[in-house]
Amino acid sequence: MVINMRSFTDIEKNRLTKLDRLRERGEDPFPNEVNRTHNIDQAISLLVESQSGFENESDDNIQVVLCGRLKSVRTMGKLAFAHIEDVTGRIQLLLRASEIGKERLKQFATDFDLGDFVEATGYIMETRTGEVTLNVSSFRIISKSISPLPASKEVQDDGESIVYSAFDNVESRYRERYADLAVNPHVREIFKTRSKIVTSLREFLDRRDFLEVETPVLQPIYGGAAARPFSTHHNQLHQDLFLRISFELYLKRLLVGGFEKVYEIGRDFRNEGVSVTHNPEFTQLEFYWAYANYIDVMDLTEQMLSFVAEQVCGSVIVNYQGNKLDFSPPWKRISMSDALIEYADIDCFNSTVGQLLDYCEQADIRKNNDITKGKLIETLFSKHVEPNLIQPTFIYDYPKDISPLAKAKHDNSEIVERFEGFIGGMELCNAFTELNNPVDQENRFIEMGKNYSKDSDDAHPLDLDYLRAMDYGMPPNGGFGMGVDRLVMLLTNQSSIREVILFPHLRSKE
RNA sequence: GGCCCACUAGCUCAAUUGGCAGAGCAGUUGACUCUUAAUCAAUUGGUUCCAGGUUCGAGUCCUGGGUGGGUCACCA
């Protein structure tokens, strides 16, 4: 039983009656088979190759069958022009009463609508204005559109000015992404680019013998990042489960198992606030590299991202929101301590917690309950330094207490070998020399646990199985994690993460 | 979660101080054999996001709610 009755507008009701008319004539508005012989761009290049000109009536006319969505129609009495579009491009159709019959042309004008998918047979020619056109001998509907796509067409204003009426209501576009994609070619381009980016990342890592693996999305214990999880439940096993917040702890188990270079591209889920740079589910790339440390990972990161920029954008210089970002190595490298001195004149590691609190007050930053020195430094960094990091920059050497999975520097137990990459004022990636000492790791987990009250949302469960894996011996290694959506933002010049996610999370309406 | 802004026809947008809800495109009907923003003529289409309130009268003012956008906060 249908709970919500569908309602139709007058336009939709009218189109539904067209369905009946089509069927009465014996035309199936939703046939099971089509007979396409060429893509539109293939058909167009055929004409170019054959050097045919306007109205080539010779016997070697190129017969093709094209399919696509009807995008525009201009009827002119005994002939009509139209455009159809497929994924490769757009081509004009010419329908003439003298060729297809007066009745058939009339049917085209009355029963075909913008948005319908059609199949058209004919030969390729050129019009007097030089446009490559399909001279149609027969055509049919292969899928009828009931609802009108959002009109996106140029219109004339009262005076001379021209107003463009595009489908650009942000909420409508996200809620009906299919309509957005159908009428906005530039939106389709973003997602083609996104696909290229992911392909390019894989190519870079595969070439260097990294093994792509898949680890559990449903996990009995979550970890590897600072985030609250989504929880769910397995009915038969009577087991509570969490959607992963990172891949880290599973990928590092694989190093224990003997793999030396592994990576995973997949979805992470974090139960936190949404923003222009945060979606509850997002695509992450993580890799782990045995016998490497964070400097090696830094080198590989700038190579990887300049490779991807070059592959996808054709240049290592990328325009982003008015800035020309230069991805070419080497990137600027500055320690967190020096960065805070440079941008805020704060000598953080030589300051006391009290002094850092004072700086926070000056900066009008609210204090939270779980104050540690590292957290204060991170807060000051986010406020004073991060927004200034437009060009690709590595910030390295982080406070230990905010980096429980990173190895401490050999000469300073308060600082860990960790770096983050920033571009366009945004945190893009996070990496470290991985902690592989199980005794040290257990102490870090315990130390971390002390900072939280028992029922704190931020409290993380102790992953004993991960410690057990490490007990068997984990090779020294460098690890890396990157928000792929943010990389897509940078390489497609988008300021909102929702523009690079096909179906971004939105609140349900009503 | 706080603050600011937006929500009007299928789409993009108007509506003077609170005074008959409009336009272009799309749709419908008609004319037109090389158009492409086709053109021309006629025409349909409204829970102004929702619920209250003030008023002779509310798209407009007030209160509450919804959704979205921006921003701040939160985010070992």
Side-chain angles (χ1 to χ4, degrees), chain A residues 8-15 17-18 54-55 71-83 90 92-99 102 105 109-110 113-115 125-131 133 135 146-158 161-176 179 183 223-228 245 270-278 364-366 368-372 374-375 378-379 382-383 399-405 444-445 447-452 456-460 495-496 498 504 506-510:
Chain A
F8 294 102
T9 64
D10 288 348
I11 293 175
E12 289 163 340
K13 286 174 189 161
N14 181 266
R15 290 193 181 189
T17 66
K18 293 179 184 184
F54 170 67
E55 280 285 27
K71 298 296 284 190
S72 69
V73 174
R74 297 170 294 284
T75 59
M76 313 191 55
K78 295 191 179 61
L79 87 165
F81 289 98
H83 276 95
R90 182 180 277 234
Q92 182 168 255
L93 308 183
L94 171 58
L95 300 94
R96 285 188 270 208
S98 59
E99 197 132 352
K102 210 172 158 185
L105 185 62
T110 56
D113 292 292
L114 299 182
M125 52 162 267
E126 230 174 65
T127 60
R128 279 172 203 164
T129 54
E131 179 166 350
T133 296
N135 184 71
I146 306 302
S147 300
L149 284 167
S152 58
K153 198 173 176 181
E154 297 85 346
V155 296
Q156 192 169 40
D157 206 84
D158 198 23
S161 63
I162 291 172
V163 177
Y164 295 90
S165 160
F167 180 50
D168 63 2
N169 180 279
V170 174
E171 180 178 357
S172 306
R173 285 181 46 234
Y174 294 160
R175 287 196 190 278
E176 300 197 15
V183 302
R228 281 181 285 168
I245 59 173
R270 296 188 181 174
N271 207 338
E272 290 173 349
V274 297
S275 78
V276 78
T277 51
H278 296 80
D364 195 28
I365 293 168
R366 215 179 76 188
N368 62 31
N369 296 324
D370 311 315
I371 286 298
T372 68
K375 280 186 186 173
E378 190 180 40
T379 301
S382 302
K383 179 83 178 178
K400 185 167 84 171
D401 59 278
I402 57 169
S403 315
L405 298 161
R444 297 272 203 101
F445 281 152
E447 191 61 31
M448 196 172 59
K450 284 182 189 164
N451 293 326
Y452 300 97
S456 165
D457 285 335
D458 291 329
H460 275 48
S495 59
S496 168
R498 291 183 280 269
L506 295 177
R507 210 182 292 258
S508 302
K509 236 174 175 178
E510 292 163 286

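Naming: A, B, ... by sequence-line order, numbering from 1 per chain. The figures that follow rest on heavy atoms only: side chains count, while hydrogens, waters and symmetry mates do not.
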Just checking [X]: base, sugar-phosphate only, or nothing, at a heavy-atom cut-off of under 4.0 Å?
X	value
A:Gln92	base
A:Thr75	base
A:Arg175	sugar-phosphate

Just jot down the side chain to side chain contact (heavy atoms under 4.5 Å, CB included) partners of [X], sequence neighbours excluded, or say none.
X	answer
A:Ala109	A:Thr75
A:Ser275	A:Thr277, A:His278
A:Arg498	A:Tyr174, A:Ser496, A:Pro504
A:Thr9	A:Ile11, A:Glu12

Atom pair distance, as rounded to whole Å: [atom1] in [X] and [atom2] in [N]:
X	N	atom1	atom2	result
A:His278	B:A73	NE2	P	13 Å
A:Leu94	B:C34	CG	C1'	7 Å
A:Arg498	B:G68	CZ	C1'	9 Å
A:Asp168	B:G69	CG	P	14 Å

- Query: Who pairs with A:Glu171 by salt bridge (Lys or Arg N to Asp or Glu O under 4.0 Å), at least two apart in sequence or on another chain?
  - Reply: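 Checked A:Glu171 against salt bridge (Lys or Arg N to Asp or Glu O under 4.0 Å); matches are A:Arg175, A:Lys509.
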- Message: Just to be sure I follow the notation: if a pair is Watson-Crick (purine N1 to pyrimidine N3 plus N6-O4 or O6-N4) or a G-U wobble (N1-O2 and O6-N3), each under 3.5 Å, what dot-bracket string does RNA chain B give, with | for pairs to another strand?
- Response: (((((((..((((.....[..)))).(((((.......))))).....(((((..]....))))))))))))....
List the residues meeting side-chain hydrogen bond (donor to acceptor under 3.5 Å, both in side chains) with [X], not counting sequence neighbours, and say none if there are none.
X	value
A:Glu378	none
A:Lys400	none
A:Asn271	none
A:Ser495	none

Please tabulate the protein-to-nucleotide N/O contacts below 3.5 Å involving nucleotides 1-4 of chain B, giving atom names and distances.
none

- Message: side-chain contact (heavy atoms from CB on, under 4.5 Å), that's the test. Do A:Glu99 and A:Leu79 meet it? Break it down for me.
- Response: CA-CA 9 Å; A:Glu99 197 132 352; A:Leu79 87 165; over 6 Å; no
- Please check if the side chain of A:Arg96 supplies one atom and the backbone of A:Asn135 the other of a donor-acceptor pair under 3.5 Å. no
Identify the pairs formed between an N or O of the protein and an N or O of nucleotides 28-30 of chain B at a distance under 3.5 Å, and give each distance.
residue, atom, partner, partner atom, Å
B:U28, OP1, A:Lys18, NZ, 2.8

